[in-house]
Amino acid sequence: MLITYILGFLSGFAIASFFLGKELYRFYLKNKVQGKQIERLRRFKNKNKKTESQSGL
Amino acid sequence: MKNRYKFSFVFCCILGDFLALVTCIYIIMYHSNNNYSYWNPIVLNNITAFSVITWIICSLYFKLYSIKRPFNIEAFYRFTWRAFLAHFILFQSFIFIFHENNLNHIVLKSNLYQFSFWMLYILLSRIFITLLVLKIRNSKNKLINVAIWGFNVTSIELAAQLELAVNFINFKGILNEHCEKVFNNQEDFKKTLCEAITNAHEQNIDELYVVTATSKINDLNYYFELADKLCMRINFVPDLSDLSTEPFLTTNFNNFQVIKPRHEPLQDSNNRLVKRVFDILFSLLVIIFILSWIYPIIGFIIKYQSKGPVLFKQLRTGKKNKSFWCYKFRSMEVNQNSDSLQASQGDPRVTPIGRFIRRTSIDELPQFFNVFKGDMSVVGPRPHMLKHTKEYNELIANFMVRHYVKPGITGLAQVSGYRGETKKVSDMKKRINADIQYVQYWNLIKDIKICMLTIIVTLKGDKNAF
């Protein structure tokens, strides 16, 4: 009977860990990539502003 | 972007998963050897073949081992979970259907043993895969160096996509990200791009993505020839960000570039078939196990409390703006305004039983006949009265997008809290946005999630249901 409880606990632990890990990894990756993306977009906007001011628009 | 690291990696995943699956079957067999009499021979003789075949079908359907697209570990986790869930449902259904005594403790015990092993394998193997992928990612010996040339909104978006897929490629970034140069004419641009291609070759770039507006290029073949001479792959990505401020989708049809306003998974006939099979099975189960006994009870009370038919049928807008008869349990007294006036809180037309069936959404149950007939789907945007479709179509620009799919009994808008009476156009806009989101991101798992959320929302009680 004890083995059944242990196996049930292990299965629950494995499912919970899998989902937690999956979501944490997704958050870590998105945060990292989006950070870079925002930095590039900011630089692109600055570049456009500079070009517009140089051409006198 | 294929390389041998990726092929070996995917092959090892396939092998590992199949070995684990066979071990699961072995666990069941091991427990059944001593207690053979408890197991149905049909189940025991076909369990290996069934388990392996269903795993192949699930992994193929969810593209778990696809090597065509860039490898993304987050997507790999997602597809692992989907394939696992689908396989679990099919496997347990197989045991449930062909085994006479499912609650027998030998069956339950061996099932629990194999399930625990399978779950632990999934967790440990995916941790191992993550560590392996991180090691490959940090290794300097990757076979393919990829870079982008061109600094614009499209190249920034492409860079983000490549950053997500950097496990088996070495993404060097946007080469001219810090360049301040402005191109005054096509000759100037041509000279700079030729220099960039030569420099990329010197930096050992294997694949270069040139992202630029089409107006800047007068002879694309010239650059292809130059890259071919240097033995470097070059891909042109047209920068179409000036075309629209709203996001759009570009695909191709027989070498023709096609620009669409949005992605629609239900345009794919395979997806439509999957949804239809789900609808038929779901509606049949509801008709046989719920409607068969609830219909006479509700019907009797409706007839007892007010004069008129048990079912209320109304013309509503369906797929592709075609109208259909939508069935409901009659919750109001028979009246002349039913086709034009929405139900409101404290509506005097609602009967006592009507109040109850509206609050618990039981009045919608006859719509499973519509689902079975094919007019509706279990999940989809709610069908509106013809008058409302006409009115809102004039007020909201993208209102008709929700009619590209079959209307549903429940939908993303309903479980997100946008159900019931719409007093303001802004309320309807929120509902439409949720419906469009559903049209754009449909998948079977999402449908199942919405069905479960509907049950939770109904049990909790929605203040908009009256």
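Below, all heavy atoms of this structure are taken into account, side chains as well, without hydrogens, waters or symmetry copies. So that the names make sense, note that chain A is the first sequence line, chain B the second, and so on, each numbered from 1. The structure displayed is predicted, hence computed values, not measured ones.
Residue contact with chain B, scored on non-hydrogen atoms closer than 4.5 Å, involves the side chain of Lys36(A) exclusively. Only the side chain of Lys32(A) comes within less than 4.5 Å of a heavy atom of chain B; its backbone N, CA, C and O stay farther away. Interface remark: Phe117(B) contributes no atoms to any contact with chain A (heavy atom separation under 4.5 Å). At a 4.5 Å heavy-atom cutoff, Ser155(B) makes no contact with chain A through either its backbone or its side chain.
Note on Val33(A), Asn48(A), Leu29(A), Leu41(A): by heavy-atom pairs under 4.5 Å with chain B, the leading option is Val33(A). Interface remark: of the candidates Leu124(B), Asn152(B), Ile122(B), Asn152(B) forms the most heavy-atom pairs closer than 4.5 Å to chain A.
Smallest separation of non-hydrogen atoms from Leu123(B) and Ser17(A): CD1-CB, 3.6 Å. In plain terms, the two heavy atoms of Lys22(A) and Arg78(B) that are nearest each other are CE-CA, 4.0 Å. Summarising the geometry of Trp81(B) relative to Phe18(A), their closest heavy-atom pair is CB-CE2, 3.9 Å, with the distance given to 0.1 Å.
Taking 4.0 Å as the cut-off between side-chain N and carboxylate O, Glu163(B) and Arg40(A) count as a salt-bridged pair.
To the nearest 0.5 angstrom, Phe115(B) atom CZ is 11.5 Å from Leu10(A) atom CG.
Side-chain contact check for Phe151(B) versus Arg43(A): some heavy-atom pair is nearer than 4.5 Å.
In the displayed structure, Tyr441(B) atom OH is contacted under 6.0 Å by at most 12 heavy atoms of other residues, nucleotides or ligands. The number of heavy-atom neighbours closer than 6.0 Å to CZ of Phe248(B), taken from other residues, nucleotides and ligands shown, is above 12. Within 6.0 Å of OH on Tyr28(A) lie no more than 12 heavy atoms contributed by other residues, nucleotides or ligands.
A side-chain N or O of Gln37(A) and one of Glu157(B) form a donor-acceptor pair less than 3.5 Å apart.
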